[in-house]
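Step one of this worksheet: look at the structure below.
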Number of protein chains: 2
Amino acid sequence: MRPTVHDIAAAAGVSLATVDRVLNQRPGVRRITREKVETAIREIDYVRDVAAANLAKGRTYPLVFILPSSDNSFMHGLHAEIRDAIKRSPVERTDIRTVEVAAFDPAALVAALDKLADERPAGIALVATDAPGVVAAVDKLVDDGIPVVTLVSDLTGSRRHHYAGVDNIAAGRTAARLLGRFLGDAEGEVAVLAGSMLVRDHRERLEGFAALIAQEFPKLSILPVLEGRDDPEMAHMMVADALSRHQRVIGVYSLGAGNRGLIKALKGKGTDRRVTVVAHELTVHTRAALIDGTIDAVLNQDAGHEVRSAIRVLKAKADGLAVIDAQERIRLDIFLKDNLP
Amino acid sequence: MRPTVHDIAAAAGVSLATVDRVLNQRPGVRRITREKVETAIREIDYVRDVAAANLAKGRTYPLVFILPSSDNSFMHGLHAEIRDAIKRSPVERTDIRTVEVAAFDPAALVAALDKLADERPAGIALVATDAPGVVAAVDKLVDDGIPVVTLVSDLTGSRRHHYAGVDNIAAGRTAARLLGRFLGDAEGEVAVLAGSMLVRDHRERLEGFAALIAQEFPKLSILPVLEGRDDPEMAHMMVADALSRHQRVIGVYSLGAGNRGLIKALKGKGTDRRVTVVAHELTVHTRAALIDGTIDAVLNQDAGHEVRSAIRVLKAKADGLAVIDAQERIRLDIFLKDNLP
DNA sequence: AAGATTTTGATTTACGTACATCAAATTTGG
DNA sequence: CCAAATTTGATGTACGTAAATCAAAATCTT
């Protein structure tokens with residue numbers, strides 16, 4: 001049988017009340033006694049029954065998700081997944097609230113974070129905007145003992161407890177290798193469609209992509225990045241224009257969220273021209289394009305996994321428990337038309 | 001606040017004891033009363049607090065994993081993951097036992113399953129061997145109300161509650177497309193190395209692979225399958241032999257677990273010859289081969305995810321709870337050298 | 001060594017559910 | 001309509017932990 005608080009008391013030769021004081025860090029215990037209890041805990045290999053503890057405390061986990069108010073299908077998907085998580089709240093003892101913050105606005109994000117410091121939720125998940133002020137605000141929360149995880153976009157240099165998202169440099173490299181290998185020996189140009197170079201994940205994807213193309217596929221040259229602001233109209237115009245102006249374009253890497261316009265432009269081009277396309281984010285549109293052959297591969301991060309992982313990690317950190325690293329690693333999914341979910 | 005049994009009692013106008021009788025299916029409740037309580041449960045949207053219930057019951061989930069006694073690195077990995085799960089048992093209230101059964105021996109598997117019917121564990125996970133007798137044995141367990149999930153290898157035609165594994169036909173098709181696209185316009189032969197065609201997952205992978213090659217890559221022809229029985233020596237000999245006898249081999253699909261021999265054979269061949277290789281299962285060997293360029297892509301199923309998913313599903317089924325389908329879908333991982341974990 | 005202070009112990013209640021027991025009420029059978 | 005059988009209610013204990021209270025003991029001050 002699993003050891004209980006009673007076993008600790010017996011092993012340490014103290015009363016239940018003292019064990020409780022130590023376990024819950026209540027005052028009024030001498031150093032020596034505290035150490036005696038802690039030794040006993042280690043020796044009998046006690047782990048607190050979190051379920052029983054939560055029952056006794058009537059505990060819930062107030063969690064806050066800070067999200068940019070971006071209007072693209074990935075963010076919509078993320079919101080939907082959070083709503084699903086909220087539906088599961090009674091069972092999971094969570095109490096999830098979302099806070100929307102203007103996209104790419106470090107000051108607004110810092111303000112939101114500072115406000116939460118007073119509120120003291122059990123944990124915070126945020127889609128980070130990369131700026132020194134944000135790093136400082138996050139570190140302050142961490143110092144205050146509030147678990148923080150970054151979601152989708154990481155915050156390097158900060159002491160956040162965890163990052164629930166993919167490695168975007170690796171994603172860019174993977175896209176480059178797929179495109180390069182799919183194109184074989186062909187020589188030509190590659191167009192890159194991004195949302196905005198102000199976003200860290202887009203920058204990182206481009207960085208990885210460009211590096212690997214330069215290193216391993218010298219026959220391919222990358223055209224200046226098209227920044228479509230994840231807007232269908234704009235992306236359509238830019239891609240159509242690029243395809244007509246550069247007849248040597250044989251590949252496209254779409255690393256942002258504005259794939260609707262891209263797909264339209266690709267379908268509009270002459271059917272004689274074969275363009276190999278790698279895009280990010282699996283949506284109804286990219287899925288259809290994958291099936292009809294307009295897109296050759298889709299890289300994806302599963303928003304549902306990211307949200308559930310963030311919640312699991314925040315709860316675990318709040319309880320001071322270990323997380324299963326392998327379980328919480330967010331994988332970069334590669335979809336061809338044959339392994340669609 | 002979440003409704004409790006007291007709220008049910010109040011809503012239904014009965015006593016707590018009656019609610020308890022209904023909830024736990026104890027006898028001595030009139031039809032009408034039972035229905036009244038059930039209506040109340042639905043109306044106030046009651047969900048049993050599983051944590052509290054388990055606490056009261058002192059419940060643990062006795063689970064049994066039935067595994068083939070195969071000696072390959074994937075199965076070793078699976079065993080390791082189960083051992084990890086056993087370490088988490090105190091926290092997860094599981095009590096996991098593994099049963100080893102001779103590989104590819106339906107009779108032995110049926111015997112093991114029948115034996116478990118008496119033991120009545122809270123759930124059973126099995127690596128299925130595909131045979132009518134096994135289907136019948138599994139269906140009997142299901143009829144007895146014991147949750148059953150298949151692991152790694154499914155059992156079509158049975159009424160198992162869940163399958164924790166990948167779609168192997170899709171895996172074969174994905175391998176075919178990767179190989180076909182990587183080879184571009186080249187014409188030549190493709191060698192397939194399998195463990196044994198007696199194993200369902202290997203058969204299915206081959207089926208998907210051959211179908212897609214025939215359909216979309218007519219310039220490639222598939223050589224007769226090499227059955228290496230997942231043995232390094234044997235695989236080495238067979239592949240080396242095939243490579244020397246068939247000078248037109250430009251691609252290899254290794255769909256089994258015996259990649260050590262394959263890698264050795266590939267490294268032994270003349271360096272002038274370029275062979276594109278897609279293999280299954282990420283191990284230390286395939287990982288190294290991917291990095292040094294001997295292998296071009298690795299398809300993988302994460303044994304840890306499969307085990308944890310199986311456990312979650314079995315517990316949920318035992319409690320009559322819903323599972324999050326998206327969370328329990330085991331994905332086919334595609335690894336290039338750039339997105340290795 | 002007396003009193004003040006700190007530390008420890010003993011005990012109780014609570015969380016939401018399970019399960020058992022006994023008494024009371026209701027229904028059923030004859 | 002009475003007795004027997006069934007159904008329902010009332011109540012208490014338990015699970016492992018949290019949290020509070022009050023008394024007792026130990027330690028510290030001077």
Side-chain angles (χ1 to χ4, degrees), chain A residues 1-38 40-41 44-61 89-93 95 122 315 318-321, chain B residues 1-38 40-41 44-61 89-93 95 122 315 318-321:
Chain A
M1 270 275 80
R2 193 173 162 179
T4 74
V5 281
H6 295 86
D7 300 321
I8 304 179
V14 299
S15 77
L16 220 54
T18 301
V19 173
D20 178 69
R21 288 178 185 114
V22 173
L23 276 177
N24 296 291
Q25 304 165 80
R26 272 183 261 279
V29 186
R30 264 188 309 170
R31 238 189 115 81
I32 316 155
T33 316
R34 157 159 283 125
E35 277 159 10
K36 222 167 40 176
V37 173
E38 278 163 354
I41 289 175
I44 66 172
D45 216 39
Y46 169 85
V47 237
R48 179 200 250 107
D49 184 329
V50 183
N54 285 348
L55 178 61
K57 274 195 281 211
R59 157 156 221 184
T60 54
Y61 299 82
S89 277
V91 178
E92 299 180 348
R93 302 191 111 84
D95 178 13
K315 286 176 69 174
D319 291 333
L321 294 178
Chain B
M1 269 277 80
R2 189 173 165 181
T4 73
V5 281
H6 294 86
D7 300 319
I8 304 177
V14 300
S15 77
L16 219 56
T18 301
V19 173
D20 178 69
R21 289 179 184 113
V22 173
L23 274 178
N24 297 293
Q25 306 168 82
R26 272 182 262 278
V29 186
R30 266 188 310 169
R31 237 189 116 81
I32 316 156
T33 316
R34 156 160 283 125
E35 277 159 10
K36 224 167 37 176
V37 174
E38 279 162 353
I41 290 175
I44 67 173
D45 216 40
Y46 169 85
V47 234
R48 180 198 252 108
D49 184 329
V50 182
N54 285 347
L55 178 61
K57 275 194 281 210
R59 158 158 219 185
T60 54
Y61 299 83
S89 277
V91 179
E92 298 181 349
R93 302 190 110 86
D95 178 12
K315 286 176 69 175
D319 290 332
L321 294 178

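So that the names make sense, note that chain A is the first sequence line, chain B the second, and so on, each numbered from 1. Values below: every heavy atom of this structure, side chains too, minus hydrogens, waters and symmetry copies.
Contact of the B:Tyr46 side chain with the B:Val19 side chain is not registered, since no non-hydrogen atoms from C-beta on lie closer than 4.5 Å.
Distance, A:Arg34 CZ to C:dG9 P: 14 Å, rounded to whole Å. The nearest whole Å value for the distance from the CD atom in A:Gln25 to the P atom in D:dA18 is 11 Å. To the nearest angstrom, C1' of C:dG16 lies 17 Å from CZ of B:Arg59. Rounding to whole angstrom units, CD1 of residue A:Ile8 and C1' of D:dT17 are separated by 11 Å.
Residue-level contact check: A:Gly28 touches the bases, meaning some heavy atom is under 4.0 Å from a base atom.
A salt bridge (charged side-chain N to carboxylate O under 4.0 Å, His left out) check over residues 8-31 of chain B, counting only residues at least two apart or in different chains, returns the pairs B:Asp20-B:Arg26, B:Arg31-B:Glu35. The list of salt bridge (charged side-chain N to carboxylate O under 4.0 Å, His left out) pairs with a residue in residues 51-61 of chain B, not counting sequence neighbours, reads B:Arg59-B:Asp319.
At distances below 3.5 Å, at least one donor-acceptor pair connects side-chain atoms of B:Asp7 with backbone N or O atoms of B:Thr4.
Checking A:Thr18 against B:Leu55, the closest nucleotide of DNA chain C that is more toward the 5' end is the one next to A:Thr18.
Rounding to the nearest 0.5 angstrom, the gap separating the CZ atom in B:Arg48 from the CD1 atom in B:Ile8 is 9.0 Å. With rounding to the nearest 0.5 Å, the separation of CZ in B:Arg2 from CZ in A:Arg93 is 6.5 Å.
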Task: Base versus backbone protein contacts along nucleotides 17-30 of chain C [heavy-atom cut-off under 4.0 Å; B, S, -] - done: BSB-B-----S---
